[in-house]
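Beneath this line is the structure, given in structure tokens, with notes to follow.
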Amino acid sequence: MEEEDDYVEYVPVAKRRALEAQNILQRKGKASAATDDDLEKQRVAETKPSLLVKASQLKREQPEISVTEQIVQQEKEMIENLSDRKTLMSVRELAKGITYTEPLPTGWKPPLHVRRMSKKECDLIRKQWHIIVDGGDIPPPIKNFKDMRFPEPVLKKLKAKGIVQPTPIQVQGLPVILSGRDMIGIAFTGSGKTLVFVLPMIMMAMQEEIMMPIVPGEGPFGLIICPSRELARQTYEVIEQFLIPLKEAGYPELRPLLCIGGVDMRSQLDIVKKGVHIVVATPGRLKDMLAKKKMNLDNCRYLTLDEADRLVDLGFEDDIREVFDHFKAQRQTLLFSATMPTKIQNFARSALVKPIIVNVGRAGAANLDVIQEVEYVKQEAKIVYLLECLQKTPPPVLIFCENKADVDDIHEYLLLKGVEAVAIHGGKDQEEREYAIAAFKAGKKDVLVATDVASKGLDFPDIQHVINYDMPAEIENYVHRIGRTGRCGKTGIATTFINKNQSETTLLDLKHLLQEAKQRIPPVLAELNDPMEDNEEITDISGVKGCAYCGGLGHRIRDCPKLEHQKSMAIANNRKDYFGSGGYRGEI
Ligand code: AMP
């Protein structure tokens, strides 16, 4: 018991220290003040929640947004930010606040039986021809050239070229343009889209010339802007083919001009001096001619941007905007492209008046007439395997690679092996490029090795086989490349070499494209870990699956390799300006 009485309860060190401290404070007479302070702090803490608590409270109060909605919202903002800077209007129109609200009338009307077609009948034709349209007051589709009221020499020429039945883009695109409406045409390469903008332009120029002939130094009535010299030349040649029979049949002479770099400007100026009706141009030389006042667009009322997505990708937007500055009045504006991601549609919307979108085949989808084969080939085995691959089909064959050095290496290798090959890339001079294209087109050479310069818009008839020596980083380029074969209903083969050098995003895009075109998926692609499988159903603001920027189906816009590339290019360009060099950007 005694022992128990002496028992002193153990007090932990911390508690003892606290008591000691309190004693000291008490002695100094501050103990009470200190506790008051503590109490006050405690009270405030109880009534005023911390920022952390507040944040979680706010989160709880916010309406529930699903992950899908969040992604769509984010992507919408990204796209808006991208297109804000890029409105396609002239400075004059912007400054004066000029906007056009009504399309330009042309006086063209389809025959009565076409005009009398009901909406249901029109929709049925569109459905049969797989044409998707969007816009108000869409002119009816027309199933033959005769009902489009082209003059006899044009119809004869079409027949002579073996063109008897219009293709889907022509069935709907021609009536739209002939009616004077602005249009966004989305059609895969080889669908016959060149005629869709060339024929109405010839008609319009003819009409203007008959009403008020062009005098020396005046013109043009119509302008076509192309992203590459080769494409411009090809379009120019198509125009020439139709102008000659028209002149022979007694119609007034229309003078076309090919306005591209790499050609002596004096010969171009001679044509301008006589008065020019139709100009096919690349942006650089056109801008130059306009800035030097060698030519004007005072009378121009018809503008086509061919391969518009590529014009924007190549950084020609500012040049095009400068060209827009030279227009003195409203024009009919047409935008054509094989792929048309949302960003281009937004870009276009500012320049077009009540546009009609004519889409034949999903934007970005590969041509369904092409058998697409994808093979895993090790880097060092590629060049040897190429020879084997060339045996798959008879010539002509196109081989694409990303960089110029590879083009030169392959070209040399093929020549050594006795293959009749020619090559083009941006590093070769204009003469060499033109010779190569002409020789290949004429069938004198069996193989053309090229960088993407040649992949866009060029029309090589009857290409049997396209070989992608490497897979382009951007899926759009793949679509353009393989679009060189399988044209106008014929079947072609595209073989693509892939290996570890390609990024996963690129391969995923390819996988989805193959899936969409119902092609065989090689095991390497099938095995890929695919994040898009989880959010397959997410569509962006315009209902497009996959990336809203480049149209690739294997990724979303935030992972877009093309956007990434563009951003780094923009940064590099800014740097150039910073150092005062301005940077010379030649047309490709
Ligand atoms: P494009 O898509 O304009 O580059 O045209 C591709 C090729 O198709 C050109 O060689 C045209 O001559 C040809 N073509 C255009 N329209 C038709 C048609 N309605 N029928 C058959 N071939 C056509």
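Atoms within each ligand, like the ligands themselves, are counted from 1 in listed order.
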If you measure from each non-hydrogen atom of Gln170 to ligand 1, which part falls under 4.0 Å: side chain, backbone, both or neither?
-> side chain

Within 45° of the axis and under 6.0 Å from the centre of the six-membered ring of Phe324, does NZ or CZ of Arg321 qualify?
-> no

Would you confirm whether Arg149, through its side chain, and Lys109, through its main-chain N or O, come within 3.5 Å as a donor-acceptor pair?
-> yes

Could you tell me if the ring centre of Phe197 sits under 6.0 Å from that of Phe336?
-> yes

State whether the shortest distance between N or O atoms of Leu195 and N or O atoms of ligand 1 falls below 3.5 angstrom.
-> no

Is the shortest N/O to N/O distance between Gln234 and ligand 1 below 3.5 Å?
-> no

Atom indices of ligand 1, in the order listed, that fall short of 4.0 Å to a heavy atom of Thr167 | 17 (C), 18 (C), 19 (N)

Which of the ligand 1 atoms, numbered from 1, are nearer than 4.0 Å to a heavy atom of Gln165 = 18 (C), 19 (N), 20 (N)

Proximal ligand 1 atoms for Pro166, defined as those under 4.0 Å from one of its heavy atoms = 19 (N)

Salt bridge (charged side-chain N to carboxylate O under 4.0 Å, His left out) filter on Glu240, not counting sequence neighbours, yields none

Counting from 1 in the order shown, the ligand 1 atoms closer than 4.0 Å to a non-hydrogen atom of Gly192 are 1 (P), 2 (O), 3 (O), 5 (O), 15 (C), 16 (N)

Validation row: Pro175, Leu178 side chains within 4.5 angstrom (heavy atoms) | no

Show which atoms of ligand 1 fall inside a sub-4.0 Å distance from at least one heavy-atom site of Thr194.
-> 1 (P), 3 (O), 4 (O)

Going through the distances and angles, do Tyr478 and Gln372 end up as a side chain to side chain donor-acceptor pair (under 3.5 Å)?
-> CA-CA 11 Å; Tyr478 174 82; Gln372 301 173 52; 2.8 Å; yes

